[in-house]
Structures are given as structure tokens and as C-alpha cells.
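Shown next, in C-alpha cells, is the structure this report addresses.
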Amino acid sequence: MSPRRNHVRRDAAPEPIDLERVKRGVEGVQTWSDGEWQVRNIPASAATKAYRCPGCDQEIAPGVPHLVSWPADGRGDLADRRHWHTGCWRARERRTPNIQRSRSAPRYG
């Protein structure tokens, strides 16, 4: 008995990769305690602008992979999209709201 040979089937051509879809990232629906959210991962190659993360209030610099979320109920528009650091999105239920204070305000209390 001869060993098995793995041949590429000629009739099963691979699907061409859609580069625009790769740049946009992968989209899915995630269910959290505050509802369902459409979530799209943004790869570093597609991150061309700076955004402010609502989870940590820090800037997401261009070229940093992150994600975009918006309500999945269909009632939102482009103004409801938020760009998040991936870690901030995962930890958002464990964090308290970020309180904006001036530099001269007391830190505790």
C-alpha cells in the first residue's frame, strides 16, 4: 500500500479575499447587561484617525487596533458609534463611570 497523497483539487478554487472587508474588520452582535451591541474589530491597518475611548477617556491613536460598537436594535445612527480599546470594552461592566475632575479638585471624596 502506498502512502496517502494530498492533492489540491482543481475544481475547488479558493474564494478571493475581499480586502475592503478585511480593512473594515469583523462584525458581530454581543449581548451585555445593557442590551445587544453591534461590534466591529478595527485592525491597525484600518485605524487612521484618533478617537477618545469612553471606557478610559484616553486617546486611541491612529494605527492602534480597537473596536467600534453601536446599539444593535437598529434605532441608532452614526452618532451612536463609539470607538473603544478592546480591553476597555471587555471590562466596561466592572468599572465605575469615569468622573471628570479639574486638576485642582480633591482626588478623594
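Sequence positions, counted from 1, serve as the residue numbers for this chain. Side chains included, hydrogens not; waters and symmetry mates left out as well; all remaining heavy atoms used. Just so we're clear, the structure is a prediction, and the values are computed from it rather than from any experiment.
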Task: Co-membership, hydrophobic cluster, residues Trp37 and Leu67, 4.5 Å side-chain - done: yes
- [ ] Sort out for me which residue in Asn41, Ile42, Val39 forms a side-chain contact (heavy atoms from CB on, under 4.5 Å) with Val68.
- [x] Ile42
Task: With His83 via side chain to side chain donor-acceptor pair (under 3.5 Å) - residues at least two apart - done: His66
Open item on the list: Quick check for you: to the nearest 0.5 Å, what is the distance between Trp32 atom CH2 and Arg90 atom CZ?
Closed with: 9.0 Å
Open item on the list: Run the side chain to side chain donor-acceptor pair (under 3.5 Å) test against Gln58 and tell me which residues pass, sequence neighbours left out.
Closed with: none
Open item on the list: Checking side-chain polar atoms at under 3.5 Å, does Ser69 have a donor or acceptor matched by the opposite partner on Trp84?
Closed with: yes
Task: Residues in ring pair (Phe, Tyr, Trp, His ring centres under 6.0 Å) contact with Trp70, at least two apart in sequence or another chain - done: none
- [ ] Locate the shortest heavy-atom distance separating Gly63 from Ala44; write the atom from each residue and the value.
- [x] O-CB, 3.2 Å
Exercise answer: donor-acceptor pairs, residues 48-55 side-chain atoms, under 3.5 Å, sequence neighbours excluded:
from  : atom 1 : to    : atom 2 : distance (Å)
Arg52 : NH1    : Asp57 : O      : 3.0

Open item on the list: Can you give me the closest heavy-atom contact between Ser33 and Glu93, atom names plus distance?
Closed with: OG-OE2, 2.6 Å
